[in-house]
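In what follows, chains are A, B, ... by sequence order, proteins preceding strands, each numbered from 1.
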Amino acid sequence: MAEVDETRRRMIFRTLQGVTLTAVGGAFWAGFVHENAQAELVLRPPGALPEDEFLATCIRCGLCVNDCPYDTLKLGAYGDNVPVGTPFFEPRKVPCYLCEDIPCAAACPTGALDLLSLTDEEGELDVSKSRMGVAVVDYNNCIASRGLRCDACVRACPYIGDAIFVDTRRNPRTGKHAMLVPVVDADYCTGCGLCEHACVTEEPTIIVLPREVALGKAGEHYDLPSPDFTPEVPENEI
Amino acid sequence: MRSKLRFVYAHYRFLILRRALQLGILLLFFGANAWGWNLLAGDLSSSRILGKVPLADPLAVLQLLLAGGVLAGEVLVGALLVLIAYALIGRAFCAWVCPVNLITDLAEWTRKLLGFREPPLMYLNRKLRYVVLAMVLVLSLALSLPVFEFVSPISAAARGVAFGMGMGWALLLAIFLFDLFVVRHGYCGHICPLGAFYSLISRFRRVRVRHVKDNCTLCGLCFNACPEPHVLSLVGKHDGTVNIPECTNCFRCVEVCDDDALFVSLSGGWSK
(Lines give C-alpha, C1' and ligand atoms only; values in the text may rest on other atoms or scores of the structure.)
Protein backbone atom coordinates (compact mmCIF):
# COMPACT_ATOMS: atom_id res chain seq x y z
CA MET A 1 0.00 0.00 0.00
CA ALA A 2 1.28 3.46 -0.91
CA GLU A 3 2.38 5.74 1.89
CA VAL A 4 -0.31 8.29 2.88
CA ASP A 5 0.74 11.93 2.81
CA GLU A 6 -1.06 13.22 5.93
CA THR A 7 -0.40 16.92 5.25
CA ARG A 8 -1.76 16.64 1.75
CA ARG A 9 -4.77 14.68 2.94
CA ARG A 10 -5.55 17.27 5.59
CA MET A 11 -5.19 20.13 3.13
CA ILE A 12 -7.57 18.50 0.67
CA PHE A 13 -10.05 17.82 3.47
CA ARG A 14 -9.89 21.42 4.75
CA THR A 15 -10.42 22.71 1.22
CA LEU A 16 -13.46 20.48 0.77
CA GLN A 17 -14.85 21.71 4.10
CA GLY A 18 -14.50 25.30 2.96
CA VAL A 19 -15.96 24.64 -0.46
CA THR A 20 -18.92 22.76 1.01
CA LEU A 21 -19.69 25.48 3.55
CA THR A 22 -19.47 28.15 0.86
CA ALA A 23 -21.64 26.19 -1.55
CA VAL A 24 -24.33 25.37 1.02
CA GLY A 25 -24.34 28.91 2.43
CA GLY A 26 -24.39 30.36 -1.06
CA ALA A 27 -27.30 28.15 -2.09
CA PHE A 28 -29.42 29.23 0.88
CA TRP A 29 -28.47 32.85 0.32
CA ALA A 30 -29.23 32.72 -3.39
CA GLY A 31 -32.51 30.96 -2.66
CA PHE A 32 -33.63 33.62 -0.19
CA VAL A 33 -32.67 36.48 -2.50
CA HIS A 34 -34.35 34.83 -5.48
CA GLU A 35 -37.60 34.30 -3.54
CA ASN A 36 -37.56 37.82 -2.11
CA ALA A 37 -37.11 39.28 -5.59
CA GLN A 38 -40.17 37.43 -6.98
CA ALA A 39 -42.89 39.67 -5.56
CA GLU A 40 -44.98 39.96 -8.71
CA LEU A 41 -47.76 42.24 -7.52
CA VAL A 42 -45.61 45.17 -6.46
CA LEU A 43 -46.46 48.59 -7.91
CA ARG A 44 -43.43 50.83 -8.53
CA PRO A 45 -43.18 54.64 -8.65
CA PRO A 46 -43.50 56.56 -11.97
CA GLY A 47 -40.72 55.98 -14.47
CA ALA A 48 -39.53 52.73 -12.90
CA LEU A 49 -37.49 50.50 -15.18
CA PRO A 50 -38.84 47.02 -15.99
CA GLU A 51 -38.80 44.99 -12.76
CA ASP A 52 -35.64 42.92 -13.36
CA GLU A 53 -33.65 46.00 -14.44
CA PHE A 54 -35.20 47.99 -11.59
CA LEU A 55 -33.93 45.49 -9.00
CA ALA A 56 -30.42 45.71 -10.46
CA THR A 57 -30.45 49.52 -10.47
CA CYS A 58 -32.35 50.67 -7.36
CA ILE A 59 -29.89 51.19 -4.47
CA ARG A 60 -32.71 51.27 -1.87
CA CYS A 61 -31.92 54.75 -0.54
CA GLY A 62 -35.49 56.00 -0.06
CA LEU A 63 -34.88 59.44 -1.59
CA CYS A 64 -38.01 58.94 -3.73
CA VAL A 65 -39.99 58.15 -0.57
CA ASN A 66 -38.62 61.28 1.16
CA ASP A 67 -39.72 63.50 -1.71
CA CYS A 68 -43.20 62.01 -2.19
CA PRO A 69 -45.52 64.77 -0.91
CA TYR A 70 -48.49 62.46 -0.32
CA ASP A 71 -46.66 59.70 1.58
CA THR A 72 -47.77 57.39 -1.21
CA LEU A 73 -44.42 55.68 -1.55
CA LYS A 74 -43.06 53.29 1.07
CA LEU A 75 -39.82 51.34 1.25
CA GLY A 76 -40.30 47.60 1.51
CA ALA A 77 -39.37 46.26 4.94
CA TYR A 78 -38.95 42.59 5.89
CA GLY A 79 -42.46 41.16 6.10
CA ASP A 80 -43.97 43.46 3.46
CA ASN A 81 -43.64 40.82 0.70
CA VAL A 82 -41.75 43.37 -1.36
CA PRO A 83 -38.10 43.08 -2.44
CA VAL A 84 -36.57 44.52 0.70
CA GLY A 85 -35.69 48.20 0.65
CA THR A 86 -37.33 49.00 -2.69
CA PRO A 87 -40.06 51.65 -3.12
CA PHE A 88 -43.67 50.66 -3.76
CA PHE A 89 -47.19 51.90 -3.17
CA GLU A 90 -50.59 50.47 -2.33
CA PRO A 91 -53.27 52.55 -4.09
CA ARG A 92 -56.14 51.41 -1.88
CA LYS A 93 -54.27 53.05 1.03
CA VAL A 94 -52.71 56.02 -0.76
CA PRO A 95 -52.75 56.29 -4.58
CA CYS A 96 -50.21 58.15 -6.72
CA TYR A 97 -51.46 61.70 -7.30
CA LEU A 98 -49.31 62.12 -10.43
CA CYS A 99 -47.40 65.28 -9.42
CA GLU A 100 -46.53 67.30 -12.52
CA ASP A 101 -42.91 67.79 -11.42
CA ILE A 102 -42.57 64.05 -10.57
CA PRO A 103 -40.40 64.64 -7.45
CA CYS A 104 -39.88 60.93 -6.78
CA ALA A 105 -38.32 60.21 -10.15
CA ALA A 106 -36.37 63.48 -10.03
CA ALA A 107 -34.87 62.43 -6.67
CA CYS A 108 -33.57 59.05 -7.90
CA PRO A 109 -29.75 59.03 -7.86
CA THR A 110 -29.33 55.81 -9.85
CA GLY A 111 -31.75 56.10 -12.75
CA ALA A 112 -33.92 53.22 -11.49
CA LEU A 113 -36.71 55.79 -11.84
CA ASP A 114 -36.02 56.99 -15.35
CA LEU A 115 -37.00 60.64 -15.74
CA LEU A 116 -36.23 60.47 -19.46
CA SER A 117 -39.08 58.00 -19.98
CA LEU A 118 -41.43 60.64 -18.53
CA THR A 119 -40.21 63.45 -20.79
CA ASP A 120 -41.99 64.44 -24.02
CA GLU A 121 -40.39 65.50 -27.32
CA GLU A 122 -40.07 69.12 -26.19
CA GLY A 123 -38.16 68.06 -23.07
CA GLU A 124 -41.09 68.82 -20.76
CA LEU A 125 -41.99 66.40 -17.97
CA ASP A 126 -45.17 64.51 -18.76
CA VAL A 127 -46.41 62.39 -15.88
CA SER A 128 -49.15 60.90 -18.07
CA LYS A 129 -46.42 58.75 -19.64
CA SER A 130 -46.13 56.83 -16.34
CA ARG A 131 -46.97 53.15 -16.66
CA MET A 132 -46.98 51.98 -13.02
CA GLY A 133 -49.65 49.39 -13.68
CA VAL A 134 -53.05 49.03 -15.25
CA ALA A 135 -56.51 49.15 -13.68
CA VAL A 136 -58.59 45.98 -13.98
CA VAL A 137 -62.35 45.83 -13.28
CA ASP A 138 -64.11 42.95 -11.55
CA TYR A 139 -67.40 43.26 -13.46
CA ASN A 140 -69.10 40.54 -11.45
CA ASN A 141 -68.91 42.64 -8.28
CA CYS A 142 -68.77 46.19 -9.65
CA ILE A 143 -72.07 47.77 -8.56
CA ALA A 144 -72.24 49.97 -11.68
CA SER A 145 -72.23 46.93 -13.93
CA ARG A 146 -75.04 45.53 -11.75
CA GLY A 147 -77.26 48.50 -12.39
CA LEU A 148 -76.43 51.03 -9.65
CA ARG A 149 -75.59 54.56 -10.65
CA CYS A 150 -71.93 54.65 -9.62
CA ASP A 151 -69.13 56.27 -11.58
CA ALA A 152 -66.70 56.92 -8.69
CA CYS A 153 -63.72 55.37 -10.43
CA VAL A 154 -64.37 57.19 -13.69
CA ARG A 155 -64.72 60.55 -11.93
CA ALA A 156 -61.50 59.92 -9.95
CA CYS A 157 -59.40 59.29 -13.06
CA PRO A 158 -57.16 62.22 -14.07
CA TYR A 159 -57.37 60.97 -17.67
CA ILE A 160 -61.14 60.49 -17.77
CA GLY A 161 -62.32 59.79 -21.27
CA ASP A 162 -58.96 58.34 -22.31
CA ALA A 163 -57.80 55.92 -19.62
CA ILE A 164 -61.31 55.12 -18.38
CA PHE A 165 -64.79 55.92 -19.60
CA VAL A 166 -68.39 54.96 -19.02
CA ASP A 167 -69.85 52.47 -21.43
CA THR A 168 -73.60 53.09 -21.20
CA ARG A 169 -75.55 49.93 -21.79
CA ARG A 170 -79.21 49.15 -21.65
CA ASN A 171 -80.25 47.56 -18.36
CA PRO A 172 -82.19 44.47 -19.47
CA ARG A 173 -83.54 43.85 -15.94
CA THR A 174 -85.55 47.06 -15.68
CA GLY A 175 -85.84 47.59 -19.40
CA LYS A 176 -85.76 51.37 -19.09
CA HIS A 177 -82.53 52.31 -17.29
CA ALA A 178 -78.89 52.55 -18.36
CA MET A 179 -75.93 50.80 -16.78
CA LEU A 180 -72.77 52.89 -16.40
CA VAL A 181 -70.11 50.26 -16.95
CA PRO A 182 -66.51 51.49 -16.46
CA VAL A 183 -64.07 50.46 -19.18
CA VAL A 184 -60.28 50.91 -18.92
CA ASP A 185 -58.04 51.54 -21.92
CA ALA A 186 -54.64 50.10 -21.01
CA ASP A 187 -52.96 52.28 -23.65
CA TYR A 188 -53.69 55.36 -21.55
CA CYS A 189 -53.94 54.03 -17.98
CA THR A 190 -50.98 55.16 -15.83
CA GLY A 191 -51.73 52.79 -12.96
CA CYS A 192 -51.91 55.66 -10.46
CA GLY A 193 -54.70 53.87 -8.57
CA LEU A 194 -56.95 56.90 -7.98
CA CYS A 195 -59.82 54.70 -9.25
CA GLU A 196 -58.98 51.87 -6.84
CA HIS A 197 -58.76 54.40 -4.01
CA ALA A 198 -62.13 55.91 -4.94
CA CYS A 199 -63.99 52.62 -5.47
CA VAL A 200 -66.92 52.41 -3.04
CA THR A 201 -67.28 48.65 -2.74
CA GLU A 202 -66.17 46.78 0.38
CA GLU A 203 -63.19 45.33 -1.44
CA PRO A 204 -62.22 47.40 -4.47
CA THR A 205 -63.77 46.06 -7.69
CA ILE A 206 -61.28 48.05 -9.76
CA ILE A 207 -57.66 47.35 -8.83
CA VAL A 208 -54.28 48.22 -10.27
CA LEU A 209 -52.06 45.32 -11.30
CA PRO A 210 -48.51 45.45 -12.68
CA ARG A 211 -48.75 45.63 -16.47
CA GLU A 212 -46.65 42.50 -16.98
CA VAL A 213 -49.14 40.62 -14.79
CA ALA A 214 -52.38 41.97 -16.25
CA LEU A 215 -51.59 42.45 -19.93
CA GLY A 216 -51.16 39.77 -22.55
CA LYS A 217 -49.37 39.86 -25.87
CA ALA A 218 -50.88 39.06 -29.26
CA GLY A 219 -47.62 38.17 -30.98
CA GLU A 220 -45.69 39.80 -33.81
CA HIS A 221 -47.45 37.86 -36.56
CA TYR A 222 -50.76 39.63 -35.95
CA ASP A 223 -50.77 42.82 -38.00
CA LEU A 224 -53.86 44.49 -36.56
CA PRO A 225 -54.83 48.10 -35.85
CA SER A 226 -55.00 49.28 -32.24
CA PRO A 227 -58.41 48.80 -30.69
CA ASP A 228 -60.65 51.78 -30.11
CA PHE A 229 -62.81 51.12 -27.07
CA THR A 230 -64.17 54.62 -26.77
CA PRO A 231 -67.88 54.47 -27.58
CA GLU A 232 -69.52 57.18 -29.61
CA VAL A 233 -71.22 59.29 -26.96
CA PRO A 234 -72.45 62.86 -27.02
CA GLU A 235 -70.24 65.37 -25.15
CA ASN A 236 -72.73 66.05 -22.38
CA GLU A 237 -73.01 62.47 -21.31
CA ILE A 238 -69.62 62.06 -19.64
CA MET B 1 -16.27 67.40 39.33
CA ARG B 2 -13.30 68.59 37.27
CA SER B 3 -11.46 65.35 37.83
CA LYS B 4 -14.56 63.40 36.89
CA LEU B 5 -14.82 65.33 33.62
CA ARG B 6 -11.13 64.77 33.03
CA PHE B 7 -11.63 61.04 33.59
CA VAL B 8 -14.52 60.93 31.14
CA TYR B 9 -12.51 62.87 28.59
CA ALA B 10 -9.50 60.61 28.97
CA HIS B 11 -11.41 57.35 28.79
CA TYR B 12 -14.52 58.01 26.72
CA ARG B 13 -13.93 60.96 24.39
CA PHE B 14 -13.83 58.89 21.21
CA LEU B 15 -16.61 56.59 22.36
CA ILE B 16 -18.89 59.57 23.04
CA LEU B 17 -18.06 61.11 19.67
CA ARG B 18 -18.71 57.81 17.91
CA ARG B 19 -22.07 57.31 19.56
CA ALA B 20 -23.03 60.92 18.82
CA LEU B 21 -22.12 60.47 15.15
CA GLN B 22 -23.83 57.07 14.79
CA LEU B 23 -27.04 58.26 16.45
CA GLY B 24 -26.88 61.69 14.81
CA ILE B 25 -26.78 60.14 11.34
CA LEU B 26 -29.79 57.97 12.15
CA LEU B 27 -31.63 61.01 13.50
CA LEU B 28 -30.90 62.98 10.32
CA PHE B 29 -32.17 60.10 8.15
CA PHE B 30 -35.30 59.85 10.27
CA GLY B 31 -35.86 63.61 10.23
CA ALA B 32 -35.39 63.73 6.46
CA ASN B 33 -38.25 61.28 5.94
CA ALA B 34 -40.51 62.35 8.81
CA TRP B 35 -40.07 66.12 8.82
CA GLY B 36 -38.43 66.96 5.51
CA TRP B 37 -34.98 67.82 6.91
CA ASN B 38 -32.43 68.40 4.21
CA LEU B 39 -29.05 68.13 5.95
CA LEU B 40 -28.59 64.42 5.24
CA ALA B 41 -31.40 62.57 3.44
CA GLY B 42 -31.62 58.97 2.28
CA ASP B 43 -30.06 56.03 4.08
CA LEU B 44 -26.68 54.33 4.32
CA SER B 45 -27.04 52.87 0.80
CA SER B 46 -27.15 56.31 -0.75
CA SER B 47 -27.86 59.80 0.52
CA ARG B 48 -27.56 63.47 -0.26
CA ILE B 49 -26.05 66.25 1.86
CA LEU B 50 -28.15 69.45 1.62
CA GLY B 51 -29.82 68.02 -1.46
CA LYS B 52 -26.60 68.46 -3.43
CA VAL B 53 -23.59 66.32 -2.46
CA PRO B 54 -24.23 62.65 -3.27
CA LEU B 55 -22.93 59.84 -1.08
CA ALA B 56 -23.26 56.14 -1.84
CA ASP B 57 -22.18 52.81 -0.41
CA PRO B 58 -19.41 51.70 -2.78
CA LEU B 59 -20.10 48.00 -2.12
CA ALA B 60 -23.80 48.48 -2.94
CA VAL B 61 -22.83 50.27 -6.17
CA LEU B 62 -20.36 47.50 -7.01
CA GLN B 63 -23.11 44.88 -6.51
CA LEU B 64 -25.51 46.82 -8.75
CA LEU B 65 -22.86 47.14 -11.46
CA LEU B 66 -22.14 43.40 -11.27
CA ALA B 67 -25.91 42.77 -11.40
CA GLY B 68 -25.96 44.62 -14.71
CA GLY B 69 -27.57 47.85 -13.54
CA VAL B 70 -26.85 50.86 -15.75
CA LEU B 71 -26.31 53.49 -13.07
CA ALA B 72 -26.63 57.25 -13.34
CA GLY B 73 -23.52 59.34 -12.78
CA GLU B 74 -24.70 60.80 -9.49
CA VAL B 75 -24.55 57.57 -7.54
CA LEU B 76 -21.17 56.71 -9.07
CA VAL B 77 -19.78 60.06 -7.89
CA GLY B 78 -21.28 59.40 -4.44
CA ALA B 79 -19.62 56.00 -4.23
CA LEU B 80 -16.29 57.46 -5.33
CA LEU B 81 -16.45 60.17 -2.63
CA VAL B 82 -17.11 57.58 0.07
CA LEU B 83 -14.41 55.28 -1.31
CA ILE B 84 -11.81 58.06 -1.19
CA ALA B 85 -12.87 59.09 2.33
CA TYR B 86 -12.46 55.60 3.76
CA ALA B 87 -9.24 55.01 1.85
CA LEU B 88 -7.89 58.00 3.80
CA ILE B 89 -9.36 57.30 7.25
CA GLY B 90 -9.44 53.50 7.15
CA ARG B 91 -12.29 51.22 8.13
CA ALA B 92 -13.82 53.97 10.27
CA PHE B 93 -17.30 53.32 8.86
CA CYS B 94 -17.68 50.31 11.14
CA ALA B 95 -16.89 52.16 14.36
CA TRP B 96 -18.16 55.65 13.62
CA VAL B 97 -21.16 55.31 11.28
CA CYS B 98 -22.57 51.77 11.16
CA PRO B 99 -25.71 51.31 13.32
CA VAL B 100 -24.98 47.58 13.72
CA ASN B 101 -21.93 48.59 15.73
CA LEU B 102 -24.35 49.93 18.36
CA ILE B 103 -25.91 46.47 18.57
CA THR B 104 -22.72 44.43 18.58
CA ASP B 105 -21.06 46.76 21.09
CA LEU B 106 -24.15 46.35 23.27
CA ALA B 107 -23.71 42.58 23.04
CA GLU B 108 -20.05 42.93 24.03
CA TRP B 109 -21.00 45.25 26.90
CA THR B 110 -23.64 42.73 28.09
CA ARG B 111 -21.07 39.95 27.80
CA LYS B 112 -18.70 41.84 30.08
CA LEU B 113 -21.51 42.85 32.45
CA LEU B 114 -22.59 39.23 32.87
CA GLY B 115 -19.01 37.99 33.00
CA PHE B 116 -19.28 35.51 30.12
CA ARG B 117 -15.95 33.83 29.61
CA GLU B 118 -17.15 30.69 27.86
CA PRO B 119 -15.29 29.63 24.73
CA PRO B 120 -17.21 30.37 21.51
CA LEU B 121 -19.95 27.93 20.57
CA MET B 122 -18.40 27.55 17.14
CA TYR B 123 -15.09 28.42 15.60
CA LEU B 124 -15.14 31.11 12.94
CA ASN B 125 -12.04 32.24 11.12
CA ARG B 126 -11.63 36.02 10.98
CA LYS B 127 -10.85 35.65 7.27
CA LEU B 128 -14.34 34.23 6.70
CA ARG B 129 -15.57 37.75 5.92
CA TYR B 130 -13.42 37.82 2.79
CA VAL B 131 -15.07 34.61 1.62
CA VAL B 132 -18.47 36.22 2.29
CA LEU B 133 -17.36 39.29 0.32
CA ALA B 134 -16.32 37.08 -2.58
CA MET B 135 -19.72 35.34 -2.39
CA VAL B 136 -21.47 38.73 -2.51
CA LEU B 137 -19.67 39.61 -5.72
CA VAL B 138 -20.08 36.22 -7.39
CA LEU B 139 -23.77 35.83 -6.44
CA SER B 140 -24.59 39.41 -7.50
CA LEU B 141 -23.16 38.63 -10.91
CA ALA B 142 -24.85 35.22 -11.11
CA LEU B 143 -28.32 36.31 -9.95
CA SER B 144 -28.26 39.82 -11.48
CA LEU B 145 -29.34 41.08 -8.07
CA PRO B 146 -27.43 43.01 -5.36
CA VAL B 147 -27.45 40.03 -2.98
CA PHE B 148 -26.03 41.64 0.16
CA GLU B 149 -28.62 44.43 -0.01
CA PHE B 150 -31.32 41.79 0.46
CA VAL B 151 -29.87 40.56 3.76
CA SER B 152 -27.71 43.41 5.06
CA PRO B 153 -28.44 44.19 8.72
CA ILE B 154 -26.66 47.52 8.19
CA SER B 155 -29.14 48.64 5.55
CA ALA B 156 -32.00 47.06 7.51
CA ALA B 157 -31.10 49.08 10.62
CA ALA B 158 -30.54 52.45 8.94
CA ARG B 159 -33.48 52.04 6.57
CA GLY B 160 -35.62 50.70 9.36
CA VAL B 161 -35.03 53.77 11.51
CA ALA B 162 -35.75 56.15 8.64
CA PHE B 163 -38.52 54.35 6.75
CA GLY B 164 -40.00 51.68 9.01
CA MET B 165 -38.46 48.53 10.47
CA GLY B 166 -41.06 45.86 9.62
CA MET B 167 -39.67 42.50 10.69
CA GLY B 168 -36.11 43.86 10.40
CA TRP B 169 -35.82 43.93 14.18
CA ALA B 170 -35.65 40.11 14.15
CA LEU B 171 -32.49 40.24 12.03
CA LEU B 172 -30.93 42.76 14.41
CA LEU B 173 -31.96 40.73 17.46
CA ALA B 174 -30.41 37.64 15.86
CA ILE B 175 -27.11 39.47 15.48
CA PHE B 176 -27.23 40.68 19.08
CA LEU B 177 -27.83 37.14 20.36
CA PHE B 178 -25.23 35.67 18.00
CA ASP B 179 -22.59 38.07 19.31
CA LEU B 180 -23.71 37.60 22.90
CA PHE B 181 -23.96 33.83 23.10
CA VAL B 182 -22.37 32.22 20.05
CA VAL B 183 -19.23 34.03 18.94
CA ARG B 184 -17.70 37.10 20.58
CA HIS B 185 -17.41 39.91 18.01
CA GLY B 186 -19.14 37.38 15.76
CA TYR B 187 -20.82 39.47 13.09
CA CYS B 188 -18.59 42.54 12.70
CA GLY B 189 -15.38 40.65 13.40
CA HIS B 190 -15.94 37.55 11.29
CA ILE B 191 -18.80 37.76 8.81
CA CYS B 192 -19.65 41.26 7.59
CA PRO B 193 -18.65 41.68 3.92
CA LEU B 194 -18.89 45.48 4.14
CA GLY B 195 -16.31 45.48 6.92
CA ALA B 196 -14.17 43.21 4.75
CA PHE B 197 -14.57 45.59 1.82
CA TYR B 198 -13.49 48.62 3.85
CA SER B 199 -10.61 46.59 5.34
CA LEU B 200 -9.33 45.95 1.83
CA ILE B 201 -9.20 49.64 0.95
CA SER B 202 -7.87 50.69 4.38
CA ARG B 203 -4.29 49.71 3.55
CA PHE B 204 -3.55 53.23 2.37
CA ARG B 205 -5.14 54.99 5.33
CA ARG B 206 -3.56 58.17 6.69
CA VAL B 207 -4.98 57.72 10.21
CA ARG B 208 -3.53 54.94 12.33
CA VAL B 209 -3.08 53.96 15.95
CA ARG B 210 0.55 54.40 17.02
CA HIS B 211 2.26 52.36 19.73
CA VAL B 212 5.18 53.36 21.95
CA LYS B 213 6.60 50.19 23.41
CA ASP B 214 8.65 51.79 26.19
CA ASN B 215 5.49 53.17 27.86
CA CYS B 216 3.62 49.85 27.68
CA THR B 217 3.14 47.91 30.91
CA LEU B 218 1.53 44.89 29.20
CA CYS B 219 -1.66 45.41 31.24
CA GLY B 220 -3.85 44.07 28.41
CA LEU B 221 -6.58 46.73 28.65
CA CYS B 222 -6.27 47.55 24.94
CA PHE B 223 -6.63 43.89 23.93
CA ASN B 224 -9.71 43.59 26.10
CA ALA B 225 -11.30 46.69 24.59
CA CYS B 226 -10.41 45.98 20.95
CA PRO B 227 -13.07 44.36 18.71
CA GLU B 228 -10.32 43.09 16.38
CA PRO B 229 -7.53 42.24 18.89
CA HIS B 230 -5.26 40.65 16.28
CA VAL B 231 -4.54 44.13 14.89
CA LEU B 232 -2.71 44.96 18.15
CA SER B 233 -0.07 42.30 17.54
CA LEU B 234 2.69 44.89 17.88
CA VAL B 235 1.67 46.01 21.36
CA GLY B 236 4.42 45.33 23.90
CA LYS B 237 6.72 44.09 21.14
CA HIS B 238 7.88 47.08 19.12
CA ASP B 239 7.16 50.72 18.28
CA GLY B 240 5.13 51.51 15.18
CA THR B 241 1.65 51.99 13.77
CA VAL B 242 -1.20 49.48 13.59
CA ASN B 243 -1.07 48.48 9.96
CA ILE B 244 -3.29 45.42 9.90
CA PRO B 245 -6.27 46.29 7.64
CA GLU B 246 -9.10 45.16 9.96
CA CYS B 247 -8.47 47.99 12.48
CA THR B 248 -11.65 50.10 12.60
CA ASN B 249 -9.94 53.20 14.02
CA CYS B 250 -12.42 53.23 16.90
CA PHE B 251 -9.58 54.39 19.18
CA ARG B 252 -10.94 52.49 22.19
CA CYS B 253 -7.40 51.18 22.75
CA VAL B 254 -6.09 54.76 22.83
CA GLU B 255 -8.58 55.87 25.45
CA VAL B 256 -8.40 52.80 27.70
CA CYS B 257 -4.58 52.92 27.80
CA ASP B 258 -3.45 54.40 31.11
CA ASP B 259 0.23 54.39 30.23
CA ASP B 260 0.53 56.69 27.22
CA ALA B 261 1.50 53.76 25.05
CA LEU B 262 -1.12 54.24 22.31
CA PHE B 263 -1.87 57.37 20.28
CA VAL B 264 -3.79 58.50 17.25
CA SER B 265 -1.37 59.23 14.47
CA LEU B 266 -2.16 61.33 11.40
CA SER B 267 -0.10 60.51 8.28
CA GLY B 268 3.05 60.07 10.31
CA GLY B 269 2.49 63.18 12.43
CA TRP B 270 1.53 62.91 16.10
CA SER B 271 -1.45 64.00 18.08
CA LYS B 272 -3.06 62.76 21.22
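- A:Trp29 is listed as a side-chain neighbour of B:Val136, based on a closest heavy-atom distance under 4.5 Å.
- Of all the listed residues (A:Thr86, A:Leu21, A:Thr22), the one sharing the greatest number of non-hydrogen pairs under 4.5 Å with chain B is A:Thr22.
- Counting heavy-atom pairs closer than 4.5 Å to chain B, the top residue among A:Gly18, A:Gly85, A:Gly26 is A:Gly85.
- Options B:Leu64, B:Leu76, B:Val75, B:Leu139 differ in how many heavy-atom pairs under 4.5 Å they form with chain A, and the most are formed by B:Leu64.
- Annotation: A:Lys129, atom NZ; neighbour count of heavy atoms from other residues, nucleotides and ligands within 6.0 Å is above 12.
- For a residue to count as touching a neighbouring chain, one of its non-hydrogen atoms must lie under 4.5 Å from one of that chain's; by this rule B:Leu71 touches chain A with backbone and side chain alike.
- B:Glu149 and A:Val84 make their closest contact through O-CG1, 3.8 Å (heavy atoms, listed as atom of the first residue, atom of the second, distance).
- Proximity to chain A is limited to the backbone of B:Ser152, based on heavy atoms less than 4.5 angstrom apart.
- Around atom CG of A:Asp187, more than 12 heavy atoms belonging to other residues, nucleotides or ligands sit under 6.0 Å away.
- Comparing B:Ala60, B:Pro146, B:Ser47 by heavy-atom pairs within less than 4.5 Å of chain A, the highest count is held by B:Pro146.
- Residue contact with chain A, scored on non-hydrogen atoms closer than 4.5 Å, involves the backbone and the side chain of B:Val151 alike.
- Using a 4.5 Å heavy-atom cut-off against chain B, the contacting residues of residues 36-69 of chain A are A:Asn36, A:Ala37, A:Leu55, A:Ala56, A:Thr57, A:Cys58, A:Ile59, A:Arg60, A:Cys61, A:Gly62, A:Leu63, A:Val65, A:Asn66.
- Shown here for B:Phe150 and A:Tyr78, the closest heavy-atom pair between the two residues is O-OH, 2.7 Å.
- Neither the backbone nor the side chain of B:Ser155 comes within contact range of chain A; no heavy atom of the residue lies under 4.5 Å from a heavy atom of that chain.
- The neighbour count for B:His230 NE2, taken as heavy atoms of other residues, nucleotides or ligands under 6.0 Å away, is above 12.
- With chain A as the partner, the residue from B:Gly36, B:Ser46, B:Ala67, B:Ala134 showing the most heavy-atom pairs under 4.5 Å is B:Ser46.
- Within a 6.0 Å sphere centred on CZ of B:Phe178, other residues, nucleotides and ligands contribute more than 12 heavy atoms.
- Using a 4.5 Å cut-off between heavy atoms, B:Leu171 touches chain A through its side chain atoms alone.
- Taking B:Ser144, B:Gly164, B:Ala32 one by one and counting their heavy-atom pairs under 4.5 Å with chain A, the maximum is reached by B:Ala32.
- Counting heavy-atom pairs closer than 4.5 Å to chain A, the top residue among B:Glu74, B:Arg159, B:Met135 is B:Arg159.
- Of the atoms belonging to B:Val138, not a single heavy atom falls under 4.5 Å from chain A.
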